[in-house]
Amino acid sequence: MKYISTRSGDSAAQPIGFLDAVLAGLAPDGGLYVPETWPTFTPEEIAAFAGRPYAEVAAAVLGKFADGEIEGDVLLEMCQEAYSTFAHAATCPVSQLGPNLFMAELFHGPTLAFKDVAMQLLARLYDHILGQRGRTLTIVCATSGDTGGAAVEAFRGRDNVRICAMFPEGRISEVQRRFMTTVEDANVANLSLQGSFDDCQAILKAMFADGQFATAVDLSAVNSINFARIAAQAVYYFTTAVALGAPHRPVSFAIPTGNFGDAFAAYVAQRMGLPIPRILVATNSNDIMARAFEDGRYARGNVAATQSPAMDIQVASNFERLYFEAVRRDGVETGRAFRGFAETGVIDIPPSALAAMRELFAGASTSEPDTAREMLVTLNETGRLIDPHTAVAVSAVRRAGMDGSTPVIVLSTAHAAKFPEAVSAATGTTPTFPRADRALSTKPERYDRLPADAAVVMDYVRSFAGR
Ligand SMILES: *Cc1c(COP(=O)(O)O)cnc(C)c1O
């Protein structure tokens with residue numbers, strides 16, 4: 001299976017294999033890698049996932065994308081190791097919030113957010129590939145809070161990789177920050193940048209665009225522009241839907257969305273054969289994705305700080321992958337649209353592409369008061385504390401008037417204890433940490449502060465990489 005750029009057609013980006021696509025992150029023409037064709041499972045194969053360990057389903061799904069580039073037993077062992085770091089035997093269990101309303105608990109990993117699901121696997125994929133090729137890499141990661149912690153936790157202490165996490169100063173929760181900054185391993189650097197997450201992401205893109213820099217430091221990315229993360233996230237759509245009776249019974253999803261990675265992974269699962277009638281894309285007041293599905297205009301706004309900081313994003317990188325699909329994989333058109341977006345901040349989605357997106361996707365944005373109210377309502381109705389990101393999606397489902405006869409699974413993307421300030425302000429209850437082993441609040445922190453200036457950050461990374 002080869003991987004192509006979403007901007008292929010107007011550039012010299014050649015199709016590459018799975019392992020190369022994993023290491024590359026962004027394509028040289030600025031596009032994102034997607035498989036040349038979508039692999040599929042038959043309904044019988046999907047039905048046979050029922051009752052199997054999570055790691056086995058993960059190996060089956062990833063195996064479709066690796067397509068023989070990693071031996072089956074090696075891949076299975078990687079998945080088993082990755083998911084043994086989770087504190088729940090089901091890895092991503094499903095629980096019930098109400099009639100036909102369910103929650104996929106994606107927060108049982110070491111840093112209490114769903115980013116662990118993909119990152120734990122990605123670290124093992126990197127180990128395997130780099131060991132095989134005798135290479136080292138510098139991973140630079142722009143984080144809205146949770147990706148950085150998950151990446152630092154997954155890659156710390158590994159021989160072939162050094163990792164630098166960049167986060168927007170003052171825009172992430174203290175717990176999120178401490179998951180990154182209390183790590184002592186020498187292969188980890190943390191950067192607090194005076195800007196927004198979109199600024200961090202723009203600096204990362206500038207690093208890749210500077211070929212000389214990228215080559216000098218052996219730059220790699222683990223943001224959700226990396227297709228392996230999307231593939232790893234497609235897995236829990238299968239396991240959770242099958243637990244509720246798929247493929248015989250269709251199951252819809254509601255997804256708290258920032259960079260559109262998780263939502264695109266749902267699309268991937270659907271293309272692979274999982275019957276998903278509806279994907280509700282829930283945003284906080286940074287509603288670029290909700291507006292795009294609503295009025296056909298993908299238009300950047302100003303980033304507002306909210307209770308759900310991992311979604312304080314106005315440029316949803318993975319939307320380029322959906323756009324590419326919706327314009328019938330026209331790479332020339334996709335390149336034109338997204339180069340234009342970088343300049344003007346607007347894409348007017350062609351009507352036929354918008355219609356194609358709306359067949360599966362709907363958008364909804366949840367206000368700050370509604371997010372807080374939902375945390376309280378859910379606590380009162382179920383006795384469970386949910387985090388603000390999860391609350392954004394639960395509230396969206398209640399307002400969206402979804403077909404009551406189809407089960408809806410809300411992705412619960414973080415544990416409430418990761419956002420104790422917001423949860424206790426909304427509910428009067430302070431969530432407790434499920435794992436006591438990290439001494440997060442007492443360990444000293446280690447990070448550097450820089451302006452959100454690409455040249456300054458690149459100098460820093462060069463010296464961190466010793467190049
Ligand atoms: C990253 C994150 C999201 C948004 O996921 P995307 O894949 O970027 O859309 C939602 N909730 C939490 C807790 C996150 O960490």
Side-chain angles (χ1 to χ4, degrees), residues 32 92 103-119 141-153 165 167-168 171-173 175-177 179-180 197-198 200-201 221-234 236-237 253-269 279-284 286-290 292 303 306-322 361 363 365-366 371 375 386-394 396 410-420 422-423 431:
L32 281 68
C92 299
M103 175 164 91
E105 300 180 9
L106 308 181
F107 51 69
H108 293 282
T111 70
L112 310 185
F114 85 92
K115 304 292 197 305
D116 288 322
V117 178
M119 214 60 83
C141 167
T143 180
S144 57
D146 291 325
T147 301
V152 163
E153 176 63 32
F167 55 86
R171 304 280 188 100
I172 64 176
S173 81
V175 177
Q176 286 182 311
R177 190 184 68 237
F179 269 120
M180 291 179 266
F197 169 70
D198 289 335
C200 296
Q201 198 160 245
V222 293
N223 282 83
S224 54
I225 53 177
N226 192 308
F227 188 76
R229 280 190 52 191
I230 304 288
Q233 287 168 218
Y236 44 69
Y237 293 100
F253 285 89
I255 306 172
T257 298
N259 222 349
F260 204 67
D262 233 351
F264 189 75
Y267 173 85
V268 171
I279 299 172
L280 181 64
V281 171
T283 69
N284 61 28
N286 298 292
D287 60 350
I288 179 168
M289 281 317 313
V303 180
T306 71
Q307 298 159 88
S308 47
M311 311 197 297
D312 290 349
I313 293 175
Q314 285 283 6
V315 180
S317 299
N318 275 288
F319 181 59
E320 180 166 337
R321 287 188 163 116
L322 182 67
F361 289 96
S365 93
T366 300
T371 302
M375 286 188 260
I386 56 171
D387 101 291
H389 302 80
T390 308
V392 162
V394 178
V410 174
L411 298 195
S412 182
T413 48
H415 192 284
K418 208 157 182 184
F419 302 94
V423 173

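Just follow the structure's listing: the first ligand is 1, and inside any ligand the first atom is 1.
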**OP:** List the closest protein heavy-atom neighbour of atom 8 (O) of ligand 1: residue, atom name, distance to the nearest 0.1 Å.
**Re:** Asn259 N, 2.8 Å
**OP:** Can you see which heavy atom on Gly148 is nearest to which on Ala165, and at what distance?
**Re:**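 Shortest heavy-atom separation between Gly148 and Ala165 comes out as CA-CB, 4.4 Å.
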Enumerate the atoms of ligand 1 whose separation from the nearest heavy atom of [X] is less than 4.0 angstrom.
X      : answer
Ala310 : 2 (C), 12 (C), 14 (C), 15 (O)
Gly261 : 6 (P), 7 (O), 9 (O)
Thr257 : 9 (O)
Pro256 : 4 (C), 10 (C)
Met311 : 10 (C)

Within-cut-off N or O pair, [X] and ligand 1, under 3.5 Å:
X      : value
Phe419 : no
Thr413 : yes
Ala414 : no

**OP:** State, with a plain yes or no, whether a side-chain heavy atom of Phe167 is found less than 4.5 Å away from one of Thr147.
**Re:**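 No, side chains not in contact.
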Heavy-atom distance to [atom]: which of [options] wins?
atom                   : options                        : answer
atom 4 (C) of ligand 1 : Ala265, Ala263, Gly258         : Gly258
atom 7 (O) of ligand 1 : Asp146, Ile255, Ile230, Asp262 : Asp262
atom 2 (C) of ligand 1 : His389, Lys115, His415         : Lys115

Original post:
Hey, is Lys418 touching ligand 1 through its side chain, its backbone, both or neither, going by heavy atoms under 4.0 Å?
Top reply: neither
Is it true that a side-chain atom of [X] and a backbone atom of [Y] form a donor plus acceptor pair closer than 3.5 Å?
X      : Y      : result
Thr366 : Val392 : yes
Thr413 : Leu411 : no
Asp198 : Gln314 : yes
Thr306 : Asn286 : no
Asp287 : Ser365 : no

**OP:** Please confirm whether Phe361 and Phe319 have ring centers closer than 6.0 angstrom.
**Re:** no
**OP:** Please confirm whether Phe114 comes under 4.0 Å of ligand 1, counting heavy atoms of the residue only.
**Re:** yes
Original post:
Do we see a donor-acceptor contact under 3.5 Å between the side chains of Asn318 and Asn259?
Top reply: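 Asn259 and Asn318 do not have a side-chain donor-acceptor pair below 3.5 Å.
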